[in-house]
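What follows is one structure encoded as structure tokens, with my remarks underneath.
Since this is a predicted model, take the numbers as computed values, not measurements.
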Amino acid sequence: MFEWLSSPEAWIALATLTSLEIVLGIDNIIFISILVGRLPEKQRDIARRLGLSLAMIARLVLLFSISWVMGLKEPWFILMERAFSGRDLILIGGGLFLLAKATHEIHNSLEGVAHEDTQSSAAVASFGSVLVQIGVLDIIFSLDSVITAVGLSDQIAVMSIAIILSVAVMLFAAKSIGDFVDAHPTIKILALSFLIMVGMTLMVEGFGVHVPKGYIYFAMAFSVAVEMINLRVRKNQAEAIRLRKQMKESETS
């Protein structure tokens, strides 16, 4: 069981898989952060931890059911000369879910939401609804994550450790990312736009069109870099205005 400990290739695979799982989990963190941001402050941390724990459990369950997962790649039916597998249907359904949810969140962010009932029963329902949505998302992202992991290693122990390590890193970073997204509305809209792009990618892959992930992540990284520059510029402008105001007040006093 532990023979892989003496194999350099296994350690390289572990490092590669852990890094890959963290990268693939960024979308998960952002979506969880946006969802838990709609909960009362005291419920956000526990919802965030539960969401990421569900992600880890979903990936481990799929990993130990790998024969079933790989069976999802077999054609289920043919429609208009195109064979569709279980994996294709999950990707299409997941893409539609992300498109609908991200569009709804953008609408609420820009147009505002109606006054909500503040009773405890409504809060509990909201908490449960958030966990259900996080669970659906975890299954969508876990499927491709596990299939990718199997393609890089044949050691179940290595893949399991990589999943656990990546979730540990995400648990450590999730609150900081969530707070940052909540504090900057433009970042939230940008993150939701990323989810729309990911949703479209899942859909087209479900229809058999492969989209290299490198292009997607490069576009995301470039957009984030531009927005970071914009935030820095706005911060410097605000600081300059504050200093000029202080100078005028000191001159008139």
Side-chain angles (χ1 to χ4, degrees), residues 20-39 44 47-48 51-52 54-55 58-59 82 84 87-114 126 129-148 166 170 173-174 176-231:
L20 182 62
E21 291 288 337
I22 292 172
V23 171
L24 292 174
I26 291 175
D27 298 327
N28 218 339
I29 293 177
I30 292 174
F31 194 79
I32 290 174
S33 299
I34 291 171
L35 287 178
V36 302
R38 304 192 62 176
L39 293 174
R44 293 180 184 178
R48 193 178 289 114
L52 288 172
L54 285 173
R59 293 182 186 190
R82 158 86 173 112
F84 288 89
R87 175 179 176 272
D88 294 333
L89 297 180
I90 292 174
L91 290 177
I92 293 170
L96 288 172
F97 171 77
L98 283 182
L99 286 172
K101 188 59 185 176
T103 302
H104 179 69
E105 291 294 332
I106 290 174
H107 173 81
N108 285 343
S109 297
L110 297 179
E111 298 291 336
V113 295
S126 177
S129 173
V130 166
L131 286 184
V132 168
Q133 292 177 63
I134 290 174
V136 171
L137 182 81
D138 289 338
I139 293 173
I140 295 168
F141 282 108
S142 296
L143 182 65
D144 249 12
S145 175
V146 170
I147 291 175
T148 302
S166 65
M170 289 190 285
S176 299
I177 293 174
D179 292 343
F180 184 76
V181 170
D182 289 338
H184 299 87
T186 55
I187 292 292
K188 181 178 180 179
I189 298 300
L190 186 63
L192 288 169
S193 301
F194 290 163
L195 289 177
I196 289 178
M197 183 165 61
V198 171
M200 283 298 300
T201 302
L202 291 177
M203 281 193 61
V204 298
E205 289 196 346
F207 283 101
V209 180
H210 176 65
V211 180
K213 295 295 190 300
Y215 295 143
I216 303 297
Y217 288 115
F218 175 79
M220 289 182 177
F222 181 78
S223 299
V224 170
V226 172
E227 184 57 26
M228 291 299 102
I229 294 173
N230 287 335
L231 289 175

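Contact record, Val36 with Ala47: CG1-CB, 3.7 Å, taken as the closest heavy-atom pair. Across all non-hydrogen atoms, the minimal contact from Ile106 to Ile196 is CD1-CD1, 3.8 Å. Here the closest non-hydrogen pair linking Ala102 and Leu195 is CB-CB, 4.0 Å.
Note that NE2 of His210 is 10.5 Å distant from OG1 of Thr201, once rounded to the nearest 0.5 Å. To the nearest 0.5 Å, atom CE of residue Met200 and atom CG of residue Leu99 are 6.5 Å apart. Separating the CG atom in Leu192 from the NE2 atom in His104 is a distance of 11.0 Å, to the nearest 0.5 Å. With rounding to the nearest 0.5 Å, the separation of OG1 in Thr103 from CG in Leu98 is 10.0 Å. To the nearest 0.5 Å, the span separating CG on Asp88 from CD on Glu205 amounts to 10.0 Å.
Counting only distance, with no hydrogens or angles, the side chain of Arg82 and the backbone of Phe207 share a donor-acceptor pair below 3.5 Å.
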Assess whether side chain to side chain contact (heavy atoms under 4.5 Å, CB included) is satisfied between Glu227 and Ile187, documenting all intermediate values.
-> CA-CA 8 Å; Glu227 184 57 26; Ile187 292 292; 3.3 Å; yes

